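Remarks on the structure that follows.
For clarity, every value in this text was computed on a predicted model and none was experimentally measured. As the structure lists them, so they are numbered: ligands from 1, and atoms in each ligand from 1.
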Amino acid sequence: MKYFKETLYDSICQEFRIDKLYFEHKTDLQHLMIFHNAQLGRVMTLDGVVQTTEADEFVYHEMMAHVPLFAHGSARRVLIIGGGDGGMLREVLKHPVEQVTQVEIDKAVVDMAKEYLPNHSAGSYDDPRLNLVLADGMDFVRESGEQFDIIISDSTDPIGPGEILFTESFYVAARRCLREGGILAAQNGVPFFQPDELQTTWKRLSPHFESAGFYCAPVPTYYGGFMVFAWGADDPSVRDIDPQVLQERFAASGISTRYYNPAIHSASFALPQYMLDALDEVD
Ligand code: SAM
């Protein structure tokens, strides 16, 4: 029996049994695998790192989509960077947005996810509101003249093509692409094992947003406990939005979820002490 061994850390790894291999290919940019595991359902990996699994993707995609969208309350134009598996797109399109621009660097990820991870995108790639752009997200935000209410950076980890999406120049360019009242949310790893990612993002992000911070959620296959999402906005009030307002927006939306709810939304900005201590170390 073959096993996928995740190689994200030097001295620790996790293995998933490969019950059926659907796809394995070295694209021009990344090593892409999609396989089935009895416990996790279909699993996608890029460059030896777990990207998403059918069993727990709802936590990650619901929290990265619904927290900024319900905090904003009237987003019309959304930018997703990365997100090739289509799960983020599926959740964003549950909101009454006018247009979603998705900028994905690797067409093969989209093509293979449509075919071998159909439950992630669940048809959202056919939604007429989608404008799919095959490009580097950094190039897009640097050169685009468009403005968005929400920008979601659903990238790989800061290794390989994803690295540039964790730079200060990316955050500056993304800030320029946000409309007044806009919100940036970006996947930012698992601080228990990657505290430097938390600290580095804080140093690079916080000077450019009036309201910067992190919120968290536990994604079981992202080994190490809570993962965090970076938050940047020009209006501090959208982060501390009245739970009653969130409740009204959530109820009115008719959106059904498995992880997100207004109480979890508000609570997710309360960070464990070890993360606060790591941030305190940043001068
Ligand atoms: N949920 C995953 C996680 O938290 O690690 C990420 C999901 S998604 C598979 C990551 C996507 O980012 C991939 O489709 C990858 O091709 C894309 N990506 C990586 N670097 C990129 C870049 N510079 N511009 C646009 N897309 C990028």
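The shortest N or O to N or O distance between D136 and ligand 1 is under 3.5 Å. Between I81 and ligand 1, no N or O atom pair is found at a separation short of 3.5 Å.
Nearest to atom 11 (C) of ligand 1 by heavy-atom distance, out of V141, D154, V109, is D154. Distances from atom 19 (C) of ligand 1 to the heavy atoms of V133, I159, T156 put T156 nearest.
For atom 2 (C) of ligand 1, the nearest non-hydrogen atom of the protein is Q51 O, 3.2 Å. Regarding atom 16 (O) of ligand 1, its nearest protein heavy-atom neighbour is E104 OE2, 2.6 Å. Nearest protein neighbour of atom 23 (N) of ligand 1, counting heavy atoms only, is P161 O, 2.9 Å. Counting only heavy atoms of the protein, atom 3 (C) of ligand 1 lies nearest to Y222 OH, 3.5 Å. For atom 24 (N) of ligand 1, the closest non-hydrogen atom of the protein is G137 N, 2.9 Å. Distance from atom 9 (C) of ligand 1 to its nearest protein heavy atom, with residue and atom name: M44 CE, 3.2 Å. Given atom 22 (C) of ligand 1, the protein heavy atom at minimum distance is L165 CD1, 3.6 Å. At the shortest separation from atom 18 (N) of ligand 1 among protein heavy atoms lies I105 CG2, 3.7 Å.
Ligand 1 has D85 within reach: a non-hydrogen atom of the residue lies less than 4.0 Å from it. Ligand 1 is never approached by A113 to a heavy-atom distance shorter than 4.0 Å. Residue contacts with ligand 1 leave out E163, since none of its heavy atoms falls under 4.0 Å from the ligand. In this structure, M138 does not count as a contact residue of ligand 1, since none of its heavy atoms falls inside 4.0 Å of the ligand. Heavy atoms of E57 come nearer than 4.0 angstrom to ligand 1 in no pair at all.
Remark: the T53 side chain and the D56 side chain contain an N/O donor-acceptor pair separated by less than 3.5 Å. For the residue pair E54/H36, the side-chain donor-acceptor check at 3.5 Å is not satisfied. Between the side chains of Y125 and Q102, a donor-acceptor pair is found at a separation under 3.5 Å. Of the N and O atoms on the side chains of R42 and Y116, not one donor lies less than 3.5 Å from an acceptor on the other residue. Side chain to side chain, H66 and H95 meet the donor-acceptor criterion of an N or O pair below 3.5 Å. Checking Q30 against D106 by side-chain atom types alone, a donor-acceptor pair falls below 3.5 Å.
Classification of R90 and E57 as a salt-bridged pair holds, one side-chain N sitting under 4.0 Å from a carboxylate O.
By the 30° and 60° cut-offs, the orientation of the rings of F140 relative to F148 is tilted. Taking the six-membered ring for Trp and thresholds of 30 and 60 degrees, F192 and Y274 have ring planes more than 60 degrees apart, a perpendicular arrangement. Ring geometry for F250 against F70 counts as perpendicular: the plane angle is over 60°, on a 0 to 90° scale with 30° as the lower cut.
Less than 4.0 angstrom separates some heavy atom of G84 from each of these atoms of ligand 1: 14 (O). When each atom of ligand 1 is checked for a heavy atom of Q30 under 4.0 Å away, the hits are 15 (C), 16 (O). Atoms of ligand 1 found under 4.0 Å from any heavy atom of D106, numbered from 1 in the order shown, are 16 (O). Close contacts between ligand 1 and V103 involve ligand atoms 25 (C), 26 (N) [criterion: under 4.0 Å to a heavy atom]. Short contacts between ligand 1 and G83, defined as distances under 4.0 Å to a heavy atom of the residue, involve ligand atoms 8 (S), 11 (C).
In this structure, the salt bridge (charged side-chain N to carboxylate O under 4.0 Å, His left out) partners of D149, at least two apart in sequence or on a different chain, are R179.
With a 6.0 Å radius and a threshold of 12 heavy atoms from other residues, nucleotides or ligands, E15 has its CD atom above the threshold.
Because its NZ or CZ atom is both nearer than 6.0 Å to the ring centre of F58 and within 45° of the ring axis, R258 counts as a cation-pi partner of that residue.
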